[in-house]
Amino acid sequence: MSENLPVLQVVVPLLLAPIAALVRRPLLSWLVAMAAAIWAFGASLGLLSRVLAEGTISYHLGAWAPPWGIEYRVDALNAFVLVIVSAIAAVVMPYAKSSVEREVASDRVSLFYTALILCMTGLLGIAITGDVFNVFVFLEISSLSAYALIALGPDRRALTSSYQYLIMGSVGATFIVIGIGLMYSMTGTLNMADLAQRLPLVAGTRTIPVAFAFLAVGISLKLALFPLHLWLPNAYAYAPSAVTAFIASTATKVAVYLLLRFFFTIFGPAFSFDVMQLDRILMPLALVAIVTMSISAIYQVNVKRLLAYSSVAQIGYMVLGISLVSVFGLAAGILHLFNHALIKGSLFMAMGCVMYSVGSVRLDDMAGLGKSMPFTMAAFVLGGLSLIGVPLTVGFISKWYLVQAALEQGLWPVAVLVLMGSLLAVVYVWKVVEVAYFRTPPEGRTVGEAPLSLLIPTWVLVLANLYFGIDAKLTAGVAIEAARMLLGVAS
Amino acid sequence: MRLLGYFNYWIVVVLMMVGFYTMISRGNLVKKLVGLSVFQTSVMILYISLGKIFGGTAPILLEGQEHVIYTNPIPSVLILTAIVVGVATLAVGLALVVRINEAYGTIEEDEIHQQDDVM
Amino acid sequence: MDDRVILRVGTKFLIPFILLFALYVQFHGDYGPGGGFQAGVIFAAAFVLYALVYGLGHAKRVLPPLFAHTCSALGVMIFAGTGVVTMLKGGLFLDYNVLLHDPHHGQHWGIFSVEFGVLVTVFGVMVSIFYAFAGRRRDEA
Amino acid sequence: MDAVVDITVLALLGVTAVALLRIRNLVAVVMLSGIYSLLCAALYTMLDAVDVAFTEAAVGAGISTVLMLGTLSLVKREEKKPAHRPILPLFVVLVTGGVLIYGTSEMPPFGQADNPAHLHVAPRYVEESGHEIGMPNIVTSVLGSYRGYDTMGETTVIFTALVGVLLLLSTGPRNRRPWSAEERKADHDRAGTDPHG
């Protein structure tokens with residue numbers, strides 16, 4: 001059975017999703033969702049260790065050899081992404097129980113978990129597959145469930161932001177389909193490895209650069225790369241807390257993975273960066289995103305929205321790393337995938353605790369929370385420090401690699417802008433800290449600390465921030481290995 | 001014949017762009033979704049055009065006949081999936097429109113923004 | 001309702017044929033155009049027609065929403081379950097060759113089984129979505 | 001003959017699409033989108049994609065139209081007149097379309113048997129599916145077996161759509177007003193009922 005592990009990674013949650021819908025009891029559905037998340041986490045760890053020991057795994061669905069059948073192909077990069085997605089799911093699921101009870105109507109809870117499992121399944125499916133059309137199918141599974149989950153937020157603006165996300169997401173998906181179709185017309189194949197071999201033969205035509213452009217725009221829409229990020233702030237701000245915590249730490253990460261997969265594995269760095277010069281577009285966009293979105297974050301009064309703008313800026317860091325096209329730069333980008341998932345996961349989960357106890361995440365409503373919710377706010381502070389990039393946190397590791405990679409190429413202005421982004425992060429994190437610790441709460445308000453069922457998962461992520469900030473050997477090792485593989489450099 | 005071949009692609013591109021334009025220029029939420037479905041459907045025409053072979057026949061094996069040219073089945077298979085995905089997106093989109101209408105009393109984008117800005 | 005006798009009788013007359021056609025589309029998919037998806041849509045169309053003519057209440061008594069919801073979940077499980085069976089029989093996921101002794105029969109039954117899963121899901125989903133939209137009243141807004 | 005029909009259908013599609021854009025009565029728009037799908041189905045038949053034509057007719061012209069009409073029975077049926085000429089969308093569309101036309105101009109010409117797409121993976125399906133699968137309809141063979149996993153994904157997509165629709169529409173309307181902490185608490189305290197119920 002262990003040879004089937006790659007497909008079981010996806011199929012077990014996919015089978016558990018309808019079961020979660022059928023049991024129709026909130027508690028049972030939650031247990032099913034827990035089982036799905038824990039299974040996925042275990043399977044992804046198994047896959048990662050196997051990939052690191054034995055190299056790339058190829059699994060032939062339906063026993064049809066690629067390119068005739070669909071292939072699952074697991075290497076260091078996507079095994080790492082699988083671990084990120086399923087680890088976050090495994091932390092968010094236990095957290096979701098109390099949070100969802102408070103925020104989602106009880107007759108919907110069962111379907112809520114179904115949608116959450118489907119969203120995770122879709123993301124895992126995108127990450128693991130070696131077939132470009134299969135990417136599209138699983139992309140839609142994750143997107144459709146994400147639209148529905150976001151719309152469940154308690155504010156009516158959740159509906160409009162979900163609609164906006166649906167429109168922009170569908171445009172992105174359709175662009176990706178156009179790109180796939182153009183590639184298919186020139187090569188006759190949909191298998192990624194096969195495409196990588198056949199594309200160079202036809203790369204001189206006009207069609208392939210256009211396919212490249214459509215894929216670039218489509219994926220950028222999904223990953224909310226500035227200036228295509230317009231759907232993101234509202235979607236994150238108004239979704240239920242557990243949904244924000246999950247989607248913010250996984251969905252854009254998987255989109256970044258797709259960017260890497262398409263432009264490094266399929267088109268190859270030579271075509272993407274020497275011929276198409278994608279780095280010349282990505283780098284300025286990333287830098288603008290880091291600066292402008294961090295400034296926008298400062299002006300937000302809704303803390304979830306503030307963190308959402310910060311997310312767009314952080315996506316800038318990942319894309320910046322990629323645009324350096326060096327082992328260090330790529331490793332920094334890939335490392336930040338993981339690290340940012342931990343950072344934003346813990347911050348949004350802390351906000352979920354605030355939502356639970358206070359019923360609002362507006363800055364004004366958070367006065368005095370440092371006293372009344374000490375554990376929640378301590379988690380927020382530590383997450384915030386990690387976001388800024390203070391030593392001994394994961395945020396520092398990412399920035400360290402990124403600055404080094406920039407300096408390695410003599411791009412000191414880039415390094416300066418990265419550090420400036422950190423300073424701006426100090427400003428917006430401080431804004432929250434100041435209100436929570438130094439402003440007196442309104443008279444007569446009694447707010448209690450969030451329950452342990454919320455605090456424990458939050459603190460698990462916070463401690464992970466510290467652990468992987470001190471001992472980055474494992475994560476950095478995988479990231480460098482993945483970066484070498486993408487660039488085709490022997491390790 | 002060669003020109004006709006490209007004519008086919010160009011018309012499809014124009015159709016795609018009309019759908020895309022409907023989608024991004026109109027403020028009515030239902031109309032946007034109609035635009036999306038025209039956009040997606042036109043992309044499907046592009047795919048199906050890719051599969052066509054002149055003088056070919058539908059990809060259903062004819063027994064006892066050799067040297068039959070069959071049209072490429074792959075685009076058909078992909079588009080069957082894409083049609084389903086399209087209607088799935090449409091259903092979720094329309095459900096959102098119904099809920100937005102209940103929450104705001106309108107499905108015009110600018111009026112919705114006005115209502116949210118007042119607060 | 002009385003002035004719609006022709007419609008009602010006509011519908012009663014039509015529905016068996018629609019259902020029959022759906023089955024034809026399902027089973028003839030190996031030879032001609034058609035398959036589980038199309039058959040599911042046609043199957044659902046028969047019930048949608050019934051609901052349009054006889055009213056939603058009647059339709060829900062004939063086909064309870066819960067049943068439709070269950071169908072849509074079961075279909076996915078039938079499809080993925082087929083893959084699980086092939087794995088239990090020692091093959092890879094969805095490798096129908098191992099289902100029966102003869103690979104041809106295996107492929108046949110495998111495809112039949114997954115197409116049936118598709119039919120069940122599509123039927124359930126289409127009917128449920130129709131119920132969800134039709135059950136919404138304008139005055140709720 | 002084929003070419004004439006092809007051009008006619010494409011021209012009709014163009015007319016329908018432009019009419020869709022300009023007409024503001026949404027019921028008419030929905031009907032036109034149904035017609036658009038039917039025309040597409042006709043085109044697919046001519047392009048030898050019979051399975052797709054069948055599905056497009058059933059889904060595009062059938063299900064989609066029913067869903068849209070169902071929605072229109074709940075919302076206002078007249079689109080507001082656009083307030084201003086949208087320059088940015090026009091620009092975006094012109095650029096996108098221009099790039100696509102540029103890209104298609106070196107694509108393999110329409111309908112040629114030696115196009116790369118027909119030479120690589122497809123021949124195996126055409127030649128081998130007869131004895132590997134044993135079914136005459138190649139599309140069914142590919143859909144069910146060679147790319148059966150995509151079809152499972154597709155089934156999951158529609159299941160996901162149902163989950164989404166039920167999450168959105170299953171119970172009565174809620175969150176009519178912007179939500180505030182006090183309101184929510186009041187709702188919550190009221191006999192322990194659900195805040196959204």
Side-chain angles (χ1 to χ4, degrees), chain B residues 2 4-5 8-11 13-15 17-22 24-25 28 30-31 34 37-38 41 45 48-54 56-61 69-74 76-77 79-81 83-85 87-88 90-92 94-99 101-103 107-108 119, chain D residues 3 10 13-14 17-18 20-21 26 29 33 36 40 43-44 47-52 55-56 59-60 63-64 67 71 74-75 79-80 86 89 93 97 100-101 104 109-111 113 117-118 122 125-126 130 136-139 142-143 147 150 154 157-158 161 164-165 168-169 173 175-176 178:
Chain B
R2 209 182 150 77
L4 175 70
N8 211 320
Y9 293 144
W10 293 339
I11 295 285
V13 171
V14 170
L15 291 175
M17 289 308 118
V18 175
F20 190 31
Y21 182 72
T22 311
I24 59 178
S25 71
N28 185 291
V30 171
K31 191 114 179 214
V34 175
S37 101
V38 170
T41 310
I45 306 179
I48 298 296
S49 309
L50 294 176
K52 169 76 180 172
I53 300 176
F54 286 135
T57 166
I60 296 170
L61 296 171
I69 303 174
Y70 295 105
T71 290
N72 191 340
I74 299 177
S76 297
V77 172
I79 292 314
L80 282 173
T81 305
I83 290 176
V84 177
V85 170
V87 74
L90 183 73
V92 175
L94 288 173
L96 273 170
V97 170
V98 169
R99 286 288 305 281
N101 186 58
E102 287 170 3
I107 52 166
E108 295 288 342
M119 297 172 333
Chain D
L10 282 173
L13 279 170
V18 173
L20 266 173
L21 171 65
L26 292 174
V29 167
S33 89
Y36 191 87
C40 280
L43 189 66
Y44 297 152
L47 296 174
D48 297 332
V50 277
D51 282 273
V52 182
T55 313
E56 179 66 44
V59 173
I63 298 286
S64 302
L67 287 183
T71 310
L74 301 168
V75 305
E79 185 196 358
K80 225 174 73 173
V93 164
L100 256 182
I101 289 194
T104 48
F110 175 66
H118 310 320
Y125 296 153
V126 172
N137 189 345
I138 307 174
V139 172
V142 180
L143 200 69
R147 296 188 68 86
D150 260 356
E154 168 198 317
V157 169
I158 18 179
V165 169
L168 287 164
L169 295 184
N175 58 19
R176 294 291 316 276

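Lettering follows sequence order; numbering is per chain, from 1. Both backbone and side-chain heavy atoms feed into the values below; hydrogens, waters and symmetry mates do not.
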In terms of heavy-atom proximity below 4.5 Å to chain D, should [X] be classed as side chain, backbone, both, or neither?
{"X": "B:Leu50", "result": "both"}
{"X": "B:Leu94", "result": "both"}
{"X": "B:Thr57", "result": "backbone"}
{"X": "B:Val30", "result": "side chain"}
{"X": "B:Ile107", "result": "side chain"}
{"X": "B:Ile74", "result": "side chain"}

By a 4.5 Å heavy-atom criterion (distance strictly below it), what part of [X] contacts chain B: side chain, backbone, both, or neither?
{"X": "D:Thr104", "result": "both"}
{"X": "D:Leu21", "result": "both"}
{"X": "D:Val157", "result": "both"}

Criterion side-chain contact (heavy atoms from CB on, under 4.5 Å) on B:Thr81 and D:Arg147, from CA distance to verdict: CA-CA 11 Å; B:Thr81 305; D:Arg147 296 188 68 86; over 6 Å; no
Below 4.5 Å, heavy-atom pairs only: which of [options] has the largest tally toward chain D?
{"options": "B:Ser49, B:Gly51, B:Gly56, B:Ala88", "value": "B:Ser49"}
{"options": "B:Tyr70, B:Tyr21, B:Phe20", "value": "B:Tyr21"}
{"options": "B:Val92, B:Val18, B:Ile48, B:Val14", "value": "B:Ile48"}
{"options": "B:Thr22, B:Asn72, B:Ile11, B:Thr71", "value": "B:Asn72"}

What distance separates [X] [atom1] from [Y] [atom2], expressed to the nearest 0.5 Å?
{"X": "D:Asp48", "Y": "B:Ile60", "atom1": "CG", "atom2": "CD1", "result": "10.0 Å"}
{"X": "B:Leu15", "Y": "D:Tyr36", "atom1": "CG", "atom2": "OH", "result": "4.0 Å"}
{"X": "B:Leu80", "Y": "D:Glu154", "atom1": "CG", "atom2": "CD", "result": "7.0 Å"}
{"X": "D:Leu143", "Y": "B:Ser76", "atom1": "CG", "atom2": "OG", "result": "10.0 Å"}

Checking D:Asp51 now: which residues fulfil salt bridge (charged side-chain N to carboxylate O under 4.0 Å, His left out) with it, not counting sequence neighbours?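 D:Asp51: no salt bridge (charged side-chain N to carboxylate O under 4.0 Å, His left out) contacts found.
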Who passes salt bridge (charged side-chain N to carboxylate O under 4.0 Å, His left out) against D:Glu79, sequence neighbours left out?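 Salt bridge (charged side-chain N to carboxylate O under 4.0 Å, His left out) check on D:Glu79 returns B:Arg26, B:Lys31.
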Among [options], which residue has the highest count of heavy-atom pairs closer than 4.5 Å to chain B?
{"options": "D:Val29, D:Ile63, D:Asn137", "result": "D:Asn137"}
{"options": "D:Leu10, D:Val165, D:Thr55", "result": "D:Leu10"}
{"options": "D:Ile158, D:Val18, D:Leu20", "result": "D:Leu20"}
{"options": "D:Ile101, D:Leu13, D:Leu67", "result": "D:Ile101"}
{"options": "D:Ser64, D:Gly111, D:Gly60, D:Ser33", "result": "D:Gly111"}
{"options": "D:Gly97, D:Gly14, D:Ala49", "result": "D:Gly97"}

Side-chain heavy atoms of B:Pro73 within contact of D:Val126, under 4.5 Å: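 Yes, at least one pair of side-chain atoms sits under 4.5 Å.
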Under 4.5 Å between any side-chain heavy atoms of B:Leu96 and D:Leu168, yes or no?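 Heavy-atom side-chain distance check passes, below 4.5 Å.
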So does D:Phe110 get a backbone contact from the side chain of B:Asn8, meaning a donor-acceptor N/O pair under 3.5 Å?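 No: the side chain of B:Asn8 does not pair with the backbone of D:Phe110.
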Keeping B:Glu108 on the side-chain end and D:Lys80 on the backbone end, is there a donor-acceptor pair under 3.5 Å?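 Checking the backbone N and O of D:Lys80 against the side chain of B:Glu108, a donor-acceptor pair under 3.5 Å is found.
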What do the steps show when you test B:Ile79 against D:Glu56 for side-chain contact (heavy atoms from CB on, under 4.5 Å), and what is the final call? CA-CA 10 Å; B:Ile79 292 314; D:Glu56 179 66 44; over 6 Å; no
D:Val139 and B:Pro59: which non-hydrogen atoms are nearest, and at how many Å?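 Heavy-atom minimum between the residues: CG2-CG, 3.7 Å.
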Minimal non-hydrogen separation, D:Gly130 against B:Leu61, with atom names: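 Looks like CA-CD1, 3.7 Å.
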List the steps and the verdict of side-chain contact (heavy atoms from CB on, under 4.5 Å) for D:Val52 and B:Ile83. CA-CA 8 Å; D:Val52 182; B:Ile83 290 176; 3.8 Å; yes
